[in-house]
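Take a look at the structure below.
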Number of protein chains: 2
Amino acid sequence: MSGYAPSEAARRSGFSLDTLRYYEKIGLLADVERTAGGQRVFTDDDLGWLELFRCLRDTGMPIAQMRRYAQLARDGDHTVDERCALLRTHAVRVEEQMGLLQRQYEHLREKIRYYERLPGPPPT
Amino acid sequence: MSGYAPSEAARRSGFSLDTLRYYEKIGLLADVERTAGGQRVFTDDDLGWLELFRCLRDTGMPIAQMRRYAQLARDGDHTVDERCALLRTHAVRVEEQMGLLQRQYEHLREKIRYYERLPGPPPT
DNA sequence: GCTTGACCTGGAGCGCGCTCCAGGTTGGAG
DNA sequence: CTCCAACCTGGAGCGCGCTCCAGGTCAAGC
């Protein structure tokens, strides 16, 4: 149920071992369990966090902000409002990003259509 | 109609002066005109290229690939197919990127909804 | 002609997010 | 008990895309 070796955690999360260590080093992942010998043991909870980090990373949130979010979560329930606000603000930025991407994608398609209208057989 | 000072080109393109110089230095923009004294004069054609670079940059194309595209364009009409293929390949990547962004955005919204369902007055 | 702000060059530096390395330790299989 | 693959640490290095700087030149307005 819980207790994954580093390589397994890497496989499941899609992050590299180095990235997992890095995320712990900078305080994104805190208090990762260890064996008596000092080797990491990741829990389902850790994997849940990693999934969130992947979501935030893929949507372009800077690490500093993820760090802040994680710290708030560690600080307890009274930070719920601030955490929610942080996510909402981020969501707005993501919407803008999607809009820009969409618009530029359309320009790109238009450029491609221009090439396709050129005399001569269309490539492929 | 054509012939813009660097600051004007920066204003119109939205790139910084340093970035314009950088783009020329690495061969994205080639053969930018100069005054007798050596100062750059940007043409409408240059601005057109910059608009394209912005589109490609905003959609995540690495500079090396933009360089390649620009070089192909300089090489003449016989590179049309390759240029078109390059843009099409890029468009596919952009579609993937949009799909990922959309999916992760939905996860984000779900997380926000989770916060909003929490007991207590929803923030703001 | 002088001033002054915009511009020039080559090259160093930066911020981000990892990624790699050396040198040493751990722990499960046989 | 031995082996060896997986793991540990601290710290250096990297790739990208700019950004900044020093020290000098240009050119438009007075």
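A quick note: this is a predicted structure, and the numbers were derived from the prediction, not measured. Chain letters run A, B, ... following the sequence lines, proteins first and then strands; every chain starts at 1.
Relative to the side chain of B:S7, the nucleotides C:dC7, D:dG17, D:dC20 differ in distance, and C:dC7 lies closest. Residue A:T35 places its side chain closer to C:dG27 than to any other of D:dG17, C:dG27, C:dA6. With distances taken from any side-chain atom of A:T19 to the nucleotides C:dC18, D:dA6, D:dG17, the minimum falls on C:dC18.
Looking at A:R34, its side chain never comes within 3.5 Å of a backbone N or O of A:V41 through a donor-acceptor pair. No donor-acceptor pair closer than 3.5 Å links the side chain of A:T79 to the backbone N or O of A:D75.
At C:dC8, one or more side-chain N or O atoms of B:R40 fall inside 4.0 Å of OP1 or OP2 (strictly under the cut-off). Note on B:Y23: a side-chain N or O is less than 4.0 Å away from OP1 or OP2 of D:dC18. Between B:Y22 and D:dC20 there is no side-chain N or O to OP1 or OP2 distance below 4.0 Å. B:S16 has no side-chain polar atom (N or O) that falls below the 4.0 Å cut-off from OP1 or OP2 of D:dC18.
For B:R57 and D:dC16, the CZ to P distance is 16 Å, given to the nearest whole Å. In this structure, CZ of A:R21 is placed 12 Å from P of D:dG10, rounded to the nearest angstrom. Whole-Å rounding puts the B:E33 CD to C:dC8 P distance at 14 Å. The distance from atom CG of A:L17 to atom P of C:dC20 is 11 Å, rounded to the nearest whole Å. Distance, B:R34 CZ to D:dT25 C1': 13 Å, rounded to whole Å. Atom pair B:R54:CZ and D:dG17:P shows a separation of 14 Å (rounding to whole Å applied). Distance, B:K25 NZ to D:dC20 P: 14 Å, rounded to whole Å. Rounded to whole Å, the distance from CD1 on A:I26 to P on C:dG15 is 16 Å.
Side-chain contact, B:Y115 with A:R83: a donor N or O sits under 3.5 Å from an acceptor N or O. No hydrogens or angles considered: a donor-acceptor pair under 3.5 Å links the side chains of A:Q71 and A:R74. Judged purely by distance below 3.5 Å, without hydrogens or angles, the side chains of B:D46 and B:Y4 never pair a donor atom with an acceptor atom.
Projected onto DNA chain D by closest heavy-atom contact, B:G60 and A:G38 fall at different nucleotides, the more 5' of which corresponds to A:G38. Residue-to-nucleotide proximity on DNA chain C shows that, of B:D18 and A:Q39, the 5′-proximal contact is made by B:D18.
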